[in-house]
Amino acid sequence: YVWIFGRAKDVIIRGSHNIDANMIEEVLVRHPSVLLAAAIGRPDPDKGELPIAYVQLKPGAAANIDDLMTLCRKDVQERAAVPVALTILDVMPLTAVGKVNKPVLRRRVTGEVAGEVAARALAGSHPFDVAVDESGARPRVTLTVEGARDAAVERKLKAAFATYEFNTVLAFSG
């Protein structure tokens, strides 16, 4: 028998590893300066997702990313679950009932990744805007490129986004 606890959205899928985000968060909140922690998957073209973490520090407390990453490398039980990046937020996004609002963090990181991919593919040739919608089964990224529809640019962008686990919609604004 197999029992799965928690929410499916809290599972980070790195290659063939299913990583429980709680495993990372529990390590981070043990640090005396950390008030809140959230772990999510960052879209990756090769692995599907890579674990990343966000923390909010306690008022007046200090910690640096290197110390928190060292803690994770030491105490996160599964090597594949060690975050590849960690960000200290001034304020963690929360839901109306006070829980960490992970969809906000997922939209943020998906938008960052999509922006990085588009910037590399376009190499400064066209300004663009990124919007992320997480309301469906898979995230949907809408990339709006300034200028008239250009088949060469469209092919380049489709190739750049082909291996990501989110749906990409291309739009041209000219």
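What you see is a predicted model; the values in this text were computed from it and never measured.
Atom NZ of Lys158 has 12 or fewer neighbouring heavy atoms from other residues, nucleotides or ligands inside a 6.0 Å radius.
For the side-chain hydrogen bond (donor to acceptor under 3.5 Å, both in side chains) test, residues two or more places apart in sequence or in another chain that qualify with Glu26 are Asn22. Listed by chain and number, the residues in a side-chain hydrogen bond (donor to acceptor under 3.5 Å, both in side chains) with Glu49 amount to none (sequence neighbours excluded). Residues that satisfy the ring pair (Phe, Tyr, Trp, His ring centres under 6.0 Å) test with Phe161, not counting sequence neighbours, are absent from this structure. Scored by the side-chain hydrogen bond (donor to acceptor under 3.5 Å, both in side chains) test, Asp67 finds Asn64 as partners (sequence neighbours excluded).
Scanning both residues, Val130 and Ala114, for their nearest heavy atoms gives CG1-CB, 3.9 Å. Residue Arg149 comes nearest to Phe172 through the heavy atom pair CA-CG, 3.6 Å, listed as atom of the first residue, atom of the second, then distance. Nearest approach of Glu146 to Ser173, heavy atoms of both residues: CA-OG, 3.0 Å. The two atoms that bring Phe166 and Pro139 nearest to each other are CB-O, 3.3 Å, heavy atoms only.
If you take CZ on Arg14 and CZ on Arg42, they are separated by 12.5 Å, rounding to the nearest 0.5 Å. Annotation: the span from Asp44 atom CG to Ile12 atom CD1 amounts to 12.5 Å, rounded to 0.5 Å.
No side-chain heavy atom of Leu35 sits under 4.5 Å from any side-chain heavy atom of Val55. With contacts defined as side-chain heavy-atom distances shorter than 4.5 Å, the pair Gln56/Asp90 does not qualify. Under the 4.5 Å side-chain criterion, counting only non-hydrogen atoms from C-beta, Val141 is in contact with Thr110. Considering only heavy atoms from C-beta on, Leu105 comes within 4.5 Å of Leu89 through its side chain. The side-chain heavy atoms of Val113 and Tyr164, taken from C-beta on, include a pair separated by under 4.5 Å. Contact of the Val109 side chain with the Ile52 side chain is registered, since non-hydrogen atoms from C-beta on lie closer than 4.5 Å.
When Asn101, Val104, Val100 are each tested for a side chain to side chain contact (heavy atoms under 4.5 Å, CB included) with Leu94, only one passes: Val100.
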Leu170/Val153 under side chain to side chain contact (heavy atoms under 4.5 Å, CB included): CA gap, chis, key distance, verdict: CA-CA 10 Å; Leu170 297 177; Val153 169; over 6 Å; no

Side chain to side chain contact (heavy atoms under 4.5 Å, CB included) assessment of Val11 paired with Ile19: CA-CA 5 Å; Val11 175; Ile19 300 165; 6.0 Å; no

Derivation and outcome, salt bridge (charged side-chain N to carboxylate O under 4.0 Å, His left out), residues Glu25 and Lys102: CA-CA 12 Å; Glu25 295 161 357; Lys102 287 189 179 183; 2.5 Å; yes

Scan the side chains in residues 119-126 for donor-acceptor partners under 3.5 Å anywhere in the protein, sequence neighbours excluded, and list what turns up.
unit_1: Ser125; atom_1: OG; unit_2: Leu122; atom_2: O; d: 2.7

Determine all donor-acceptor pairs shorter than 3.5 Å in which one atom belongs to a side chain in residues 68-88; sequence neighbours excluded.
unit_1: Thr70; atom_1: OG1; unit_2: Asp66; atom_2: O; d: 2.9
unit_1: Asp75; atom_1: OD2; unit_2: Arg30; atom_2: NH2; d: 3.1
unit_1: Glu78; atom_1: OE2; unit_2: His17; atom_2: ND1; d: 3.1

